[in-house]
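Naming: A, B, ... by sequence-line order, numbering from 1 per chain.
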There are 2 protein chains.
Amino acid sequence: MSSEGRTTRQQVAVRAALDSSAEFVSAQQLHAELRAAGERVGLATVYRALGKMSEGGEVDVLVRPDGETLYRSCSSGHHHHLICRGCGTTVEVAAPSVERWARDVAEREGFSDVSHTVELVGLCRACSQAVDMAP
Amino acid sequence: MSSEGRTTRQQVAVRAALDSSAEFVSAQQLHAELRAAGERVGLATVYRALGKMSEGGEVDVLVRPDGETLYRSCSSGHHHHLICRGCGTTVEVAAPSVERWARDVAEREGFSDVSHTVELVGLCRACSQAVDMAP
DNA sequence: TTAATTGCAAATCCTTTGCAGATTC
DNA sequence: GAATCTGCAAAGGATTTGCAATTAA
């Protein structure tokens, strides 16, 4: 498995940096961290490395509402987010039933190596009340 | 409800255009359609209108892997997508159990007016075999 | 009237690409 | 040694913003 291409110092560094974070991080963040750690890596290279890993299904990819792409090495503690569209508060939620459903659907459709993204967006209690009181 | 701001010809047009499509569409697509239909509307205005609707929870928002943002008026026939990361094939999947779960989680956390996005990304049968046969 | 909204174009931000030089196999 | 990979900077594409002119209320 994984016979494509050559392995370079930079690719190893990017993968290591990604593994060291349990959360989703952006390419720019990774690049900054690598630079801060003394690694000499170009931003474009970070993008290229992440692109390859993502093609190979080795990382989970997530696109934020503002268009920034976030990456996380697969199989970290897995959970989803419930986000308030008023104040941005984020609540982490586990979803064993959704995981199961995703696996079943994938199998039924003949897909393999499936990852999933789930996002819930709503109004938290506080913001909901703020709306009711609007002028 | 919805007491903010003034109602302009452009806003009405954007909303109408959005309603006329059952699928997700981008701001640029909407703008093109509106122009084609003879409406005189600026692209920035389309973005501003969609932004407001989305703040108010009046549309479902979805961000594609390439960073483009798609919009759909709420409560159209609701389903999710299973996408092949090899060839881009998309399968529509219903998910009553997920809908139920989303509603429950929202309620438990005190959130209201919650919409959700679910995306499954994997390798379809054909692409999976192609990988196995790789040179 | 008069404050909100529009339209345009310039500005931003993330991401991709062209190409010469460095590097892995 | 030869094909691949990197780095830089320039290009690309979607979205946002400044500001004068327009328009809803």
Over 12 non-hydrogen atoms of neighbours within 6.0 angstrom of CZ in A/R40: no
Closest listed nucleotide, where the reference is the side chain of [X] and the choices are [options]:
{"X": "A/R6", "options": "C/dT15, D/dC5, D/dT16", "answer": "D/dC5"}
{"X": "A/K52", "options": "D/dA14, D/dC5, C/dT17", "answer": "D/dC5"}
{"X": "B/E68", "options": "D/dT6, C/dT16, D/dA14", "answer": "D/dA14"}
{"X": "A/Q28", "options": "C/dC14, D/dT15, D/dT4", "answer": "C/dC14"}
{"X": "B/Q11", "options": "D/dG7, C/dT5, C/dG7", "answer": "C/dT5"}
{"X": "A/T45", "options": "D/dG7, C/dT16, D/dT16", "answer": "D/dG7"}
{"X": "B/V41", "options": "C/dG7, D/dC8, C/dT15", "answer": "C/dG7"}

Side-chain-base donor-acceptor pair under 3.5 Å for B/R9 and D/dA24: no
How many whole angstroms separate atom [atom1] of [X] from atom [atom2] of [N]?
{"X": "B/D66", "N": "D/dG12", "atom1": "CG", "atom2": "P", "answer": "17 Å"}
{"X": "A/Y47", "N": "D/dG13", "atom1": "OH", "atom2": "C1'", "answer": "13 Å"}
{"X": "A/L70", "N": "C/dC13", "atom1": "CG", "atom2": "C1'", "answer": "14 Å"}
{"X": "B/E55", "N": "D/dT16", "atom1": "CD", "atom2": "P", "answer": "11 Å"}
{"X": "A/R48", "N": "C/dC14", "atom1": "CZ", "atom2": "C1'", "answer": "15 Å"}
{"X": "B/L30", "N": "D/dA14", "atom1": "CG", "atom2": "C1'", "answer": "14 Å"}
{"X": "A/Q10", "N": "D/dG7", "atom1": "CD", "atom2": "C1'", "answer": "9 Å"}
{"X": "A/H31", "N": "D/dT6", "atom1": "NE2", "atom2": "C1'", "answer": "11 Å"}

Geometric class of the A/H80/B/W101 ring pair [parallel <30°, tilted 30-60°, perpendicular >60°]: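 Aromatic pair B/W101/A/H80 classed perpendicular.
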Donor-acceptor under 3.5 Å (A/H31 side chain, A/V41 main chain):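 Side chain of A/H31 to backbone of A/V41, a donor-acceptor pair under 3.5 Å: yes, one is there.
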N or O in side chain of B/T8 less than 4.0 angstrom from C/dA4 OP1/OP2: no
Euclidean distance, B/E99 CD relative to B/D104 CG, rounded to 0.5 Å: 11.5 Å
B/L34 versus B/A13, closest heavy-atom pair with distance: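 It is CD2-O, 3.7 Å.
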Counting the atoms with a prime plus P, OP1 and OP2 as sugar-phosphate, which does [X] contact under 4.0 Å by heavy atoms, base, sugar-phosphate, or nothing?
{"X": "B/R40", "result": "sugar-phosphate"}
{"X": "A/S26", "result": "nothing"}
{"X": "A/T7", "result": "sugar-phosphate"}

B/T69 vs A/R35, nearer the 5' end of DNA chain D by closest nucleotide: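 Its nearest nucleotide being more 5', the pick is A/R35.
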A/K52/A/E58 ion pair, N-O < 4.0 Å: no
